2 protein chains.
Amino acid sequence: MDHTTAEARLLDAADTLFYDRGIQAVGMDAIRAASGVSLKRTYQLFPSKEHLVEAVLRRRDLAIRAELEAYTSARTNPTERILAVFDYLYEWFGQPDYRGCAFINSFAELGAASENVVEIVRTHKRAFADHIAALVADADQPPARAGQLLILANGAMVTAAIAGSPEPAREARAAARRLLDADVPD
Amino acid sequence: MDHTTAEARLLDAADTLFYDRGIQAVGMDAIRAASGVSLKRTYQLFPSKEHLVEAVLRRRDLAIRAELEAYTSARTNPTERILAVFDYLYEWFGQPDYRGCAFINSFAELGAASENVVEIVRTHKRAFADHIAALVADADQPPARAGQLLILANGAMVTAAIAGSPEPAREARAAARRLLDADVPD
DNA sequence: CAACCTGGAGAACGATCGTTCTCCGACTGG
DNA sequence: CCAGTCGGAGAACGATCGTTCTCCAGGTTG
């Protein structure tokens, strides 16, 4: 097994385990067992668990950005592209192992202890906000709408996770449409 | 020190430490040092750390319910009572040690490991949702509005925590007002 | 073939943590 | 004053975890 595939297997295994059980609850030995990569090799590739955690989060950040970009750009109508964000969330929340947003969860678990994790989480949410802001601009909506839609999306993520239901994505979508369609000043 | 004050000091110290640093990051010895209650006494009152965690969350649940109830019932106009929820959030987010909602954080940290914690978090959020639903009914808004406002509130909590700014409460308030005022069908 | 390097399995190490135990001082009832 | 109880301080215990080390098999190069 070369370095590239070992690294990929490690990131895959760690990402799944961290998301399912929480970061602190997963020991390095569990990652070794799930990935098939020895501890020695693991520590050659990632000098500490924290390095691995950060790499996992950064990779997930890029993956979600690409996924969401593909999802929203598949629609032509600008308003529909905004609403597509909430359809994306609905599909995500419907997955049987959905446990909330990994970045929100990591912030809750490690935000007090790791400034690096905080920075990665902020970067991810800032990129998400920027994406929404671009869609809002394309739809000729006022810039302030973007922050409101971001709050709806983040709120749907945690509400769905806690309730164990994907419905909040639909409720957030309806709220978003109402915000976009309302004929009153802000 | 009698049992009642020992219990109160324990709950106070544990609540502060858990909220500031996360639950798993706080050892029982740190709680002993902060509360001044010996480990022996602590384990007489709470047979395990998990029991203490649950007691802390349950007490915080009741305190927040009462606080929010007082805050919203201080206004007379039904629509204003709904918006007061977001003013309450703004005050909360402005506190210098704000680190998000303790229930969302606990769910993120322990949701995979402790079914009891999950149930307490669900109960808290259900009570919060019920409170909003009552305000929505009083304001003659359609019942579906309650879920949308809950998502806005939860979203403001996490967005403010990650951004390190109380502004999301204002943005959520503006969104709520727009949802309430819009002259279009749902 | 022989010296060497690589990498795996898993033991070992040191730290931390939840929980319990030991020891001892201080207060109580008679 | 004394036997007995309570509770505190902190050591002890057992488990877990991140990280490193040991030992060894297998392949590579001269």
Side-chain angles (χ1 to χ4, degrees), chain A residues 1-57 105-106 108-117 120, chain B residues 1-57 105-106 108-117 120:
Chain A
M1 197 192 310
D2 64 356
H3 277 214
T4 311
T5 63
E7 187 175 311
R9 287 201 199 177
L10 272 174
L11 291 172
D12 284 345
D15 187 69
T16 302
L17 288 171
F18 288 159
Y19 182 71
D20 286 350
R21 309 188 200 164
I23 292 170
Q24 309 188 71
V26 173
M28 294 300 283
D29 196 64
I31 295 170
R32 178 202 54 76
S35 66
V37 178
S38 72
L39 283 176
K40 197 182 212 173
R41 201 92 111 94
T42 298
Y43 277 93
Q44 282 169 1
L45 293 167
F46 302 98
S48 73
K49 184 183 180 182
E50 180 159 356
H51 282 82
L52 177 58
V53 169
E54 291 166 21
V56 163
L57 289 177
N105 292 352
S106 301
E109 203 179 334
L110 303 173
S114 166
E115 200 50 52
N116 289 337
V117 167
I120 293 169
Chain B
M1 197 193 310
D2 64 356
H3 277 213
T4 310
T5 64
E7 187 175 311
R9 287 200 199 178
L10 272 174
L11 290 171
D12 284 344
D15 188 69
T16 302
L17 288 170
F18 289 158
Y19 183 71
D20 287 350
R21 308 188 201 164
I23 292 169
Q24 309 189 71
V26 174
M28 294 300 285
D29 196 65
I31 295 171
R32 178 201 53 77
S35 66
V37 177
S38 71
L39 284 176
K40 196 183 212 173
R41 202 91 110 93
T42 299
Y43 278 93
Q44 282 168 0
L45 292 167
F46 302 98
S48 73
K49 185 183 179 182
E50 180 158 357
H51 282 82
L52 177 58
V53 168
E54 290 166 21
V56 164
L57 289 177
N105 292 351
S106 301
E109 203 179 334
L110 303 173
S114 166
E115 199 52 51
N116 288 337
V117 167
I120 292 168

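No hydrogens, no waters, no symmetry mates; every other heavy atom, side chains included, goes into these values. For clarity, every value in this text was computed on a predicted model and none was experimentally measured. First the proteins, then the strands, lettered A, B, ... as listed; each starts at 1.
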Quick one: list whatever passes side-chain hydrogen bond (donor to acceptor under 3.5 Å, both in side chains) with [X], sequence neighbours left out.
X      : result
A/T16  : none
B/T5   : B/D2
A/S114 : A/E50

Taking salt bridge (Lys or Arg N to Asp or Glu O under 4.0 Å) as the test, write out the residues that go with B/E54, two or more places apart.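 B/R58.
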Got a sec, which residues hit salt bridge (Lys or Arg N to Asp or Glu O under 4.0 Å) with B/R32, two or more places apart in sequence or on another chain?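 By the salt bridge (Lys or Arg N to Asp or Glu O under 4.0 Å) rule, B/R32 matches B/D29.
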Side chain to side chain contact (heavy atoms under 4.5 Å, CB included) for A/V37 and A/I31? Distances and angles first, verdict last. CA-CA 8 Å; A/V37 178; A/I31 295 170; over 6 Å; no
Under 3.5 Å, side-chain donor or acceptor atoms of residues 38-45 of chain B against the rest of the protein: list the pairs with distances, not counting sequence neighbours.
unit_1	atom_1	unit_2	atom_2	d
B/S38	OG	B/R41	N	3.2
B/R41	NH2	B/M1	O	2.2
B/T42	OG1	B/S38	O	2.8

Contacts table for residues 17-24 of chain B: side-chain donor-acceptor under 3.5 angstrom, sequence neighbours left out:
unit_1	atom_1	unit_2	atom_2	d
B/Y19	OH	B/R99	N	2.6
B/Y19	OH	B/G100	N	3.3
B/Y19	OH	B/G100	O	2.7

First-last contacting nucleotides on DNA chain D - partner chain B, under 4.0 angstrom, heavy atom: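 Contact span on the strand: D/dG7 to D/dG8.
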Residue-level proximity of residues 34-43 of chain B to DNA chain D when a heavy atom falls under 4.0 Å: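 Output list: B/S38, B/K40, B/R41.
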Side-chain contact, heavy-atom cut-off 4.5 Å: B/V56 with B/L10?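 In short, these two side chains do not touch, never coming nearer than 4.5 Å.
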Taking the side chain as everything from C-beta on, heavy atoms only, tell me whether B/D15 gets closer than 4.5 Å to B/L57.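 Of all side-chain heavy-atom pairs linking B/L57 with B/D15, none is under 4.5 Å.
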Contacts to DNA chain C from residues 14-25 of chain A, heavy-atom cutoff under 4.0 Å, which residues?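 Within this stretch, nothing sits under 4.0 Å of the strand.
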